[in-house]
Asks: 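Input: one structure, supplied below.
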Amino acid sequence: MSVYDQAVPPNEKLSMYEIYIARAAGVPKTREIYEQAIVSGGLPEKDAIKMCIKYAELEHSLGEIDRARKIYVYASCLADPHNSDLWINWHEFEVQHGNEDTFRDMLRIKRSVNAGHSQTSVMLPECIMQKANGDATAVNELEKVEDEMVALRV
C-alpha cells in the first residue's frame with residue numbers, strides 16, 4: 001500500500017483508495033484500508049472527510065453503530081463546521097440511532113470545532129502582523145490557544 005501512496009499523485013489518491021476498497025476481500029481488510037487512507041495524511045482534507053463518511057456508512061450498514069459514531073467524532077477534527085457534508089450525515093445518523101446524550105455530544109463537538117475555526121481565523125492576522133514586527137510572544141500565545149483547542153476536541 002505504501003507503494004501506491006508514493007506512486008499516485010495526490011489528486012488521484014481518493015479514486016485509488018476507492019478501487020482498492022472495492023477489490024478488498026472481507027470486512028477486516030476493508031477497515032484496514034479505510035483507516036490507512038484516513039490516517040496516513042496522503043489524502044487532501046476534503047477527500048479524507050469523504051473517506052470518513054464512507055467508512056462510517058460501511059460500519060452503519062454492518063450494524064456497528066458505536067464504531068460509526070467514533071469515525072464521525074474523528075472526522076469532526078478535519079471538517080469545516082460551516083461547509084461540510086459530514087455534519088449533515090452525522091446529524092441524520094444521530095437522529096436515527098442516537099439518543100439525547102449522543103445528539104448533545106455531536107452538537108458540543110460541532111460548537112467546539114466551530115469555535116476553533118473562528119478563533120484561529122480571527123487571531124491569525126494579528127499573529128502574522130506581530131510576527132512580521134518581531135513579536136515572538138504573540139506566536140507562542142497562538143500556539144498555546146491552538147493546543148488547548150486540540151485538547152478540547154479530544
Side-chain angles (χ1 to χ4, degrees), residues 1-124 127 139-140 142-154:
M1 194 64 194
S2 63
V3 174
Y4 288 128
D5 283 337
Q6 295 172 359
V8 178
N11 61 340
E12 296 178 7
K13 284 190 178 186
L14 178 64
S15 58
M16 184 261 319
Y17 277 117
E18 288 173 341
I19 292 169
Y20 197 46
I21 288 167
R23 293 183 180 177
V27 174
K29 185 65 176 172
T30 304
R31 285 179 175 149
E32 181 182 322
I33 297 167
Y34 272 116
E35 289 169 7
Q36 184 176 358
I38 294 165
V39 176
S40 71
L43 286 173
E45 187 174 291
K46 188 177 183 181
D47 292 341
I49 293 169
K50 288 180 185 177
M51 273 300 212
C52 287
I53 292 170
K54 289 179 182 181
Y55 188 20
E57 288 173 352
L58 169 73
E59 294 296 350
H60 175 236
S61 69
L62 295 171
E64 295 286 346
I65 304 303
D66 289 334
R67 273 185 189 245
R69 186 172 287 117
K70 288 178 183 177
I71 294 165
Y72 282 124
V73 170
Y74 177 83
S76 69
C77 297
L78 305 172
D80 178 7
H82 300 294
N83 188 13
S84 178
D85 291 335
L86 172 77
W87 301 107
I88 296 168
N89 288 350
W90 193 5
H91 182 274
E92 291 173 2
F93 173 81
E94 290 299 343
V95 167
Q96 290 177 354
H97 302 287
N99 56 35
E100 189 175 336
D101 293 333
T102 59
F103 194 82
R104 278 189 202 160
D105 287 342
M106 179 203 58
L107 293 176
R108 181 187 50 80
I109 291 169
K110 186 174 181 179
R111 281 192 306 269
S112 174
V113 170
N114 191 12
H117 278 267
S118 64
Q119 195 171 36
T120 303
S121 63
V122 169
M123 294 179 69
L124 188 60
C127 176
V139 175
N140 291 336
L142 177 64
E143 289 173 356
K144 288 179 187 175
V145 169
E146 289 177 350
D147 289 343
E148 291 172 4
M149 292 308 297
V150 169
L152 287 174
R153 290 183 193 153
V154 177

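All values below come from the heavy atoms of this structure, side chains included, with hydrogens, waters and symmetry mates left out.
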Asks: What pair of heavy atoms forms the shortest contact from Thr30 to Ala24, and how long is it?
Replies: OG1-CB, 3.7 Å

Asks: Between Lys54 and Glu57, does any NZ, NE, NH1 or NH2 come within less than 4.0 Å of an OD or OE carboxylate oxygen?
Replies: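 No salt bridge links Glu57 with Lys54.
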
Asks: Between Val113 and Ala79, which heavy-atom pair has the shortest distance, and what is it?
Replies: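 So the two residues come closest at CG1-O, 3.6 Å.
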
Asks: So, for Glu45 and Leu78, which heavy atoms are closest and what is the spacing to 0.1 Å?
Replies: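 The pair with the smallest heavy-atom distance is OE2-O, 2.8 Å.
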
Asks: Might you point out which heavy atoms bring Cys52 and Ala75 nearest each other, and give the distance in Å?
Replies: CB-CB, 3.5 Å

Asks: Any ring-ring contact (aromatic ring centres under 6.0 Å, His included) involving residues 23-58? Give me the pairs, sequence neighbours left out, ordered by first then second residue.
Replies: Tyr34-Tyr55

Asks: Can you name the closest pair of heavy atoms from Asp101 and Asn99 and give their distance?
Replies: N-OD1, 3.0 Å

Asks: Under 6.0 Å from the CD atom of Glu100, do we count more than 12 heavy atoms belonging to anything else shown?
Replies: no

Asks: Could you state the interatomic distance from CD1 (Ile19) to CD (Glu12), rounded to the nearest 0.5 Å?
Replies: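 Answer rounded to 0.5 Å: 9.5 Å.
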
Asks: How many angstroms lie between atom OG1 of Thr102 and atom CG of Asp66, to the nearest 0.5 angstrom?
Replies: 9.5 Å

Asks: Which residues satisfy the side-chain contact (heavy atoms from CB on, under 4.5 Å) test with Ile65, sequence neighbours excluded?
Replies: His60, Arg69, Phe93, His97

Asks: For Ile38 and Ala48, which heavy atoms make the closest approach, and how far apart are they?
Replies: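 For Ile38 versus Ala48, the nearest heavy atoms are CG1-O, 4.3 Å.
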
Asks: Checking the side chain of Trp87 only, and the main-chain atoms of Asp80 only, is there a donor and an acceptor separated by less than 3.5 Å?
Replies: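 Checked: pair present.
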
Asks: Just to verify, which of Met51, Met16, Arg31 counts as forming a side-chain contact (heavy atoms from CB on, under 4.5 Å) with Ile21?
Replies: Met51

Asks: About how many Å separate SG of Cys77 and CD1 of Ile49, when rounded to the nearest 0.5 Å?
Replies: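 Ile49 CD1 to Cys77 SG: 10.5 Å, rounded to 0.5 Å.
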
Asks: Are Trp90 and Ile109 side-chain neighbours, meaning at least one heavy-atom pair lies under 4.5 Å?
Replies: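 Heavy-atom side-chain distance check passes, below 4.5 Å.
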
Asks: Before giving the answer on side-chain contact (heavy atoms from CB on, under 4.5 Å), spell out for His91 and Tyr72 the whole-Å C-alpha distance, their side-chain angles and the decisive distance to 0.1 Å.
Replies: CA-CA 10 Å; His91 182 274; Tyr72 282 124; over 6 Å; no

Asks: Which distance, rounded to the nearest 0.5 Å, do you find between the CZ of Arg111 and the CZ of Arg104?
Replies: 10.0 Å

